[in-house]
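Reckoned from all heavy atoms, side chains included, excluding hydrogens, waters and symmetry mates. Note that the numbering runs from 1 along the sequence shown for the chain.
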Amino acid sequence: MTNVLVESSSFPDFGRPDAGLVLISEWRTPDAERRQAVMDGVIDAWAEARLPESFLGRYCLAGTDGLSVLNYAQWTDAAAQHAFAADPANHRAIADSVQALISVGPPGRYRYERSVLLREGPIRTLGTTASDAGIAQYVHRGEDGKGVRVLTAHDDDGEGRGDEAGDGTGVRFRPYRGIVRPRG
């Protein structure tokens, strides 16, 4: 594994084998200008922080409604993420910066479980609910083993999709910015 983080403008590698913990949350901003400021501020705060090798990546995906953000982060394991979050210096460097941008609760804690290919096609948008209208599903099991979070890939661009896409999939998300530790 490398200690270098690089910018990414693509979807996360959902099945990344070294990711033992996935943090997922959805945020809603009052307008598109605020949404962009939140996404840039979050990624900038993380890119400027001193991050341990156990941090694998963090992505902000932009909702097709112009207001929503899908936050997706990967760590090697829960213990490493807990240790990082418990350090007051890290809290000041990152958590306070993020809280200044948007007030949100803690993200859901998951483990990537499996991918389900529904049909072939390029991924253009991502929905946050299970739907057989997509091309693939990325299943995440709650850290407690009980909850499940399914992200559904779609091959359309999500244009005209507001709060409800008409197919039960809700807001769709496109890649915006991320920072990732390349494998290898």
Honestly curious: do [X] and [Y] fall in one hydrophobic cluster under the side-chain, below-4.5 Å linking rule?
X      : Y      : answer
Val150 : Tyr138 : no
Val104 : Tyr176 : yes
Leu5   : Leu23  : yes
Ile123 : Leu61  : yes
Tyr112 : Ile24  : yes

So, taking the atom named [atom1] in [X] and the one named [atom2] in [Y], what distance separates them when rounded to the nearest 0.5 Å?
X      : Y      : atom1 : atom2 : answer
His82  : Asp77  : NE2   : CG    : 9.5 Å
Thr64  : Phe173 : OG1   : CZ    : 7.5 Å
Arg124 : Arg174 : CZ    : CZ    : 11.0 Å
Leu70  : Leu126 : CG    : CG    : 6.5 Å
Gln74  : Tyr110 : CD    : OH    : 14.5 Å
Arg172 : Thr152 : CZ    : OG1   : 9.0 Å

Check: How would you list all residue pairs meeting salt bridge (charged side-chain N to carboxylate O under 4.0 Å, His left out) that involve residues 128-141, not counting sequence neighbours?
Finding: Glu113-Arg141
Check: Applying salt bridge (charged side-chain N to carboxylate O under 4.0 Å, His left out), which residue pairs with at least one partner in residues 42-51 are found, sequence neighbours left out?
Finding: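 Pairs touching residues 42-51 that pass the test: Asp44-Arg177.
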Do side-chain atoms of [X] reach the backbone of [Y] as a donor and acceptor pair under 3.5 angstrom?
X      : Y      : result
Thr29  : Leu67  : yes
Arg35  : Gly63  : yes
Thr125 : Asp156 : yes

Taking the side chain as C-beta and beyond, is there a heavy-atom pair between [X] and [Y] under 4.5 Å?
X      : Y      : result
Arg58  : Leu51  : no
Arg28  : Asp65  : yes
Trp27  : Val42  : yes
Asn71  : Glu26  : no
Val22  : Arg149 : no
Thr128 : Leu151 : yes
Tyr72  : His140 : yes
Arg183 : Asp13  : yes

Next item on the list: Please check if atom CD in Glu33 has more than 12 non-hydrogen atoms from other residues, nucleotides or ligands closer than 6.0 Å.
Entry: no
Next item on the list: Answer yes or no: does atom CZ of Arg114 have more than 12 heavy-atom neighbours from other residues, nucleotides or ligands under 6.0 Å?
Entry: no
Where do [X] and [Y] come nearest, in terms of heavy atoms and distance?
X      : Y      : answer
Arg181 : Pro52  : NH2-O, 2.8 Å
Ile94  : Ala45  : CG1-O, 4.2 Å
Arg109 : Ala78  : NH2-CB, 3.8 Å
Tyr59  : Ser8   : CE2-OG, 3.8 Å
Ser9   : Pro175 : O-CB, 3.3 Å
Ile179 : Ile43  : CG2-CG2, 3.9 Å

Note to self: Test of understanding: with side-chain hydrogen bond (donor to acceptor under 3.5 Å, both in side chains), list the residues that count as partners of Asp155, not counting sequence neighbours.
What the structure shows: Arg119
Notebook entry, point to check: Going through the distances and angles, do Thr129 and Ser131 end up as a side-chain hydrogen bond (donor to acceptor under 3.5 Å, both in side chains)?
Noted result: CA-CA 6 Å; Thr129 57; Ser131 170; over 6 Å; no
Notebook entry, point to check: What orientation do Trp46 and Phe55 show, parallel under 30°, tilted 30 to 60°, or perpendicular over 60°?
Noted result: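 Trp46 vs Phe55 ring planes: parallel.
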